[in-house]
Amino acid sequence: MDHNLGQESVPADKSRVLNVKPLRTLVPVFPSPSNPSSSSNPQGGAPFVAVSPAGPFPAGVAPFYPFFVSPESQRLSEQHAPNPTPQRATPISAAVPINSFKTPTAATNGDVGSSRRKSRGRRGQLAEEEGYDNTEVIDVDAETEGGSSKRKKRAKGRRASAAATDGSGVAAVDVDLDAVAHDILQSINPMVFDVINHPDGSRDSVIYTLMIYEVLRRKLGQIEESTKDLHTGAKRPDLKAGNVMMTKGVRSNSKKRIGIVPGVEIGDIFFFRFEMCLVGLHSPSMAGIDYLTSKASQEEEPLAVSIVSSGGYEDDTGDGDVLIYSGQGGVNREKGASDQKLERGNLALEKSMHRGNDVRVIRGLKDVMHPSGKVYVYDGIYKIQDSWVEKAKSGFNVFKYKLARVRGQPEAYTIWKSIQQWTDKAAPRTGVILPDLTSGAEKVPVCLVNDVDNEKGPAYFTYIPTLKNLRGVAPVESSFGCSCIGGCQPGNRNCPCIQKNGGYLPYTAAGLVADLKSVIHECGPSCQCPPTCRNRISQAGLKFRLEVFRTSNKGWGLRSWDAIRAGTFICEYAGEVIDNARAEMLGAENEDEYIFDSTRIYQQLEVFPANIEAPKIPSPLYITAKNEGNVARFMNHSCSPNVLWRPIVRENKNEPDLHIAFFAIRHIPPMMELTYDYGINLPLKAGQRKKNCLCGSVKCRGYFC
DNA sequence: GATACTTCAATGCG
DNA sequence: CCGCATTGAAGTAT
């Protein structure tokens, strides 16, 4: 019956289409071990507990993100937490059997390879015991160990071959991208797979999944662009990385579900469709409507679960709480335009409207920092209020669906709209104390804002955009730089700067760090390449419209009006370089809150054990930003940071040229506070006090130094 | 189960 | 800067 309906062209008589069975009890359409009734959910949505331990958020307050939950962190916070934050039940422990989260014992230190193998075996066993779908168990060797169902993709053979383009007679180099991907997956902390490999996602699993995807994507892109030759056509590292993740099962929430997706928070942003696919937010790789088929939903009707509105059709984005969404179809690349039909996604939306189902909405926007790309904003749960058919500009029938945002959810898309208004001067930014605290020292203004209390501003300091007084730093190896007149080009094996970075440019074409290795070698004063060279990213100054703002309990903090992609350079740590003795003295007396100390111990990037230790810096570096500094001096500490630092060495003949650069660890939505891990100074210096940490993260160590 | 089809991508070129 | 062709991969439909 439905089948027949689906075959019809757009009916003039809509009542026929809408002849839907009466609303029945909403049976969960996804497997859930518990809580089969959704009646307790005030929003009438899926019977999943709210994901965020901190929620619900009051209107107008952006959710606080870094709620990592992992066995490891649980343990840590239980042991240390001197300023106990209220212990909240985590969604994980509530939703799944405890024994599925046995903490890996041998896995966290020592030989990565052997612990991996052990861990993998244990996981396979675990999966059987728990009755999990074994195909979801992450096994990085899945392909090579011979899954016959994978042969189709395998046969394509991802291989980038590099001919010697520089005439130096170097033989062609073959790089097997699958092998590269495999190596990267092998280098991941096995604990991470234990978190990811679970039917229900968590904040951790989502963040880990996205982090791994980014590393894969950037690395594959870096290799491919440096080995370009016979390869024609579009390079799509986003698809390659995504496909690897899919085939290896490195993904979260692989079971499609209606309503909230555990671990994905409203306001989360994405830069590729595949990212949303991998975390279970929106599974089609291209299509705009995601839906459960009648078979999958165990119902007689398909039901919509999520939509992406990003300009592919003539949508009306409404006032921020309403969206007029166009149905799919009616466009065929060969046959041209036609009437849309009530089938597939359109049918699912129609049914969902009558059921009153939750529909997730993702809004795609042009990324102002990279106009060629898009940014996708997860805007939470909407309900379909109305549907109709209208004539599009093409003259053919198009389905339209009116969706209204469910009230009481954290702000997401409306933040973007507000910022746009500030940009257009259509509305003023409230609470501005200073329009530009850099006094023009940066290319973009950095405003000082307080809409929290009566503080008029931070203590006086002089704004300087970069490091000064480099005495105190031991000279680094002298270097004569490169002679890449038009800028260093990927694949140029003769460029000494590229050689110092292991044969690749350290930055992608989009300007992201391709790799999280410990030291980045940039071109410098002794290079002949222009300032626009891709290997001078940290020298271009601020790009983001940052603001220094008053936090509720941590003094002043730093955040950005612009979304920041994972891997993007944000700023350096400017200030005055001091020697160890002076740093010790100032630090010991807790006189200087603005010391950067490269020797502190950091817990960086637990996903990649090789990068956990502090970066290998050529020589210790101590910077004070108390009297002179830049925006970095306002970045607060967090035990679950969204920013990290890396040392950068710039090619310079005689002078030391070492800088501290901050990069985004993950995508950071606008107006979210930027934080990094200050690290721990051990042993404590005489007289030095630990400072209570107020980061609020589940992984909070309780203090920093 | 294999295969075809659909699809609000993402790139790079002109 | 934008229009266009090109290449693509998951999931659904057949």
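Please read these numbers as outputs of a predicted model, since none were measured by experiment. Residue numbers begin at 1 in each chain, while the letters A, B, ... track the order of the sequences.
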**Upstream residue (5' side of DNA chain C) when A:Ser283 and A:Lys366 are each assigned their closest nucleotide** = A:Lys366

**Request:** Mind running side chain to side chain contact (heavy atoms under 4.5 Å, CB included) on A:Phe274 and A:Asp238 for me, showing each step along the way?
**Result:** CA-CA 7 Å; A:Phe274 236 115; A:Asp238 58 320; 5.5 Å; no

**Message:** I want to confirm an ordering. Mapping A:Cys277 and A:Ser294 to their closest nucleotides on DNA chain C, which one lands closer to the 5' end?
**Reply:** A:Cys277

**Prompt:** Rounded to whole angstroms, how far apart are CZ on A:Phe274 and C1' on B:dA9?
**Reply:** 11 Å

**Asked** Backbone N or O of A:Asp379 within a donor-acceptor pair of the A:Arg405 side chain at under 3.5 Å?
**Response** yes

**Rounded distance (Å) that lies between atom P of C:dA13 and atom CG of A:Leu342** = 13 Å

**A:Leu239 side chain, from C-beta outward: closest of C:dT12, C:dG8, B:dG12** = C:dG8

**Prompt:** Of all the nucleotides listed (C:dG11, B:dG12, B:dT7), which has the minimum atom distance to the side chain of A:Met246?
**Reply:** C:dG11

**Request:** Quick one: label A:Gly345 by what it contacts on the DNA or RNA (base, sugar-phosphate, nothing), any heavy atom closer than 4.0 Å.
**Result:** nothing

**Request:** Just compare C:dC2, C:dA9, B:dT7 and give me whichever is closest to any side-chain atom of A:Gln328.
**Result:** B:dT7

**Message:** Check the phosphate of C:dT12 against A:Lys256, side-chain N and O only, distance under 4.0 Å to OP1 or OP2. Yes or no?
**Reply:** yes

**Prompt:** Within this structure, what is the NZ-to-C1' distance between A:Lys335 and B:dT6, rounded to whole angstrom?
**Reply:** 11 Å

**Request:** Figure out the CG/P separation between A:Leu292 and C:dG11, and round it to whole Å.
**Result:** 12 Å

**Item:** Salt-bridge criterion met for A:Arg545 and A:Asp562 (N-O under 4.0 Å)
**Value:** yes

**Request:** Quickly work out the A:Ile289 CD1 to B:dC5 P distance and round it to whole Å.
**Result:** 21 Å

**Proximity to DNA chain B (any heavy atom under 4.0 Å), residues of residues 305-318 of chain A only** = A:Val308, A:Ser309, A:Ser310, A:Gly311, A:Gly312, A:Tyr313, A:Asp315

**Item:** Nearest to side-chain heavy atoms of A:Tyr325, which nucleotide of C:dT12, B:dC8, C:dA10
**Value:** B:dC8

**Request:** State plainly whether the residues A:Lys219 and A:Asp515 are in salt-bridge range, i.e. N to O under 4.0 Å.
**Result:** yes

**Message:** For A:Val308, is there any backbone N or O sitting under 3.5 Å from a side-chain donor or acceptor partner on A:Tyr325?
**Reply:** yes

**Request:** Round to a whole Å and report the spacing from CD of A:Glu334 to P of B:dA4.
**Result:** 15 Å

**Asked** Would you say the side-chain atoms of A:Arg534 pair up with the backbone N or O of A:Tyr507, donor to acceptor, closer than 3.5 Å?
**Response** yes

**Request:** Have a look at A:Arg333 and say if it touches a base, only the backbone sugar-phosphate, or nothing, with a 4.0 Å heavy-atom cut-off.
**Result:** base

**Item:** A:Lys351 (side chain) donor-acceptor with A:Leu303 (main chain) under 3.5 angstrom
**Value:** no

**Message:** Is the phosphate of B:dA10 approached by A:Arg236 (side-chain N or O, under 4.0 Å from OP1 or OP2)?
**Reply:** no

**Prompt:** Do any side-chain nitrogens or oxygens of A:Tyr291 fall under 4.0 Å of OP1 or OP2 in C:dA13?
**Reply:** yes

**Prompt:** Once you round it to whole Å, what is the distance between P of B:dC8 and CG of A:Leu365?
**Reply:** 17 Å

**Item:** A:Asn243 side-chain N/O to C:dG8 phosphate OP1/OP2 under 4.0 Å
**Value:** no

**Message:** Restricting to side chain to side chain contact (heavy atoms under 4.5 Å, CB included), what partner residues turn up for A:Val206, sequence neighbours left out?
**Reply:** A:Arg203, A:Leu210, A:Ser252, A:Asn253, A:Val264, A:Val279

**Item:** Within 6.0 angstrom of A:Lys417 NZ, more than 12 heavy atoms from elsewhere
**Value:** yes

**Request:** Under 3.5 Å for both distances, Watson-Crick or G-U wobble, that's the pair rule; now give the dot-bracket for DNA chain C, with | marking pairs to another strand and [ ] for crossing ones.
**Result:** .||||||.||||||

**Request:** Please answer whether the main-chain N or O of A:Ala337 pairs with a side-chain N or O of A:Ser394 as donor and acceptor at a distance below 3.5 Å.
**Result:** no

**Request:** Establish, with yes or no, whether the OP1 or OP2 oxygen of B:dA9 is under 4.0 angstrom from a side-chain nitrogen or oxygen of A:Lys374.
**Result:** yes

**Prompt:** Is the base of C:dT14 touched by the side chain of A:Arg344 through a donor-acceptor pair closer than 3.5 angstrom?
**Reply:** no

**Asked** Does A:Tyr376 have a side-chain nitrogen or oxygen under 4.0 Å from the phosphate oxygens OP1 or OP2 of B:dA10?
**Response** yes

**Fill in**
A:His370 NE2 to B:dG12 C1', in whole Å, measures 17 Å

**Prompt:** After noting the C-alpha distance and the side-chain angles of A:Arg360 and A:Leu281, does the key distance pass the side chain to side chain contact (heavy atoms under 4.5 Å, CB included) rule?
**Reply:** CA-CA 8 Å; A:Arg360 299 189 293 269; A:Leu281 184 63; 3.6 Å; yes

**Prompt:** Which sits closer to the 5' end of DNA chain B, A:Asn332 or A:Arg273, going by the nucleotide each is nearest to?
**Reply:** A:Asn332

**Request:** Could you work out which one of C:dA13, C:dA9, B:dC8 sits closest to the side chain of A:Ser326?
**Result:** B:dC8

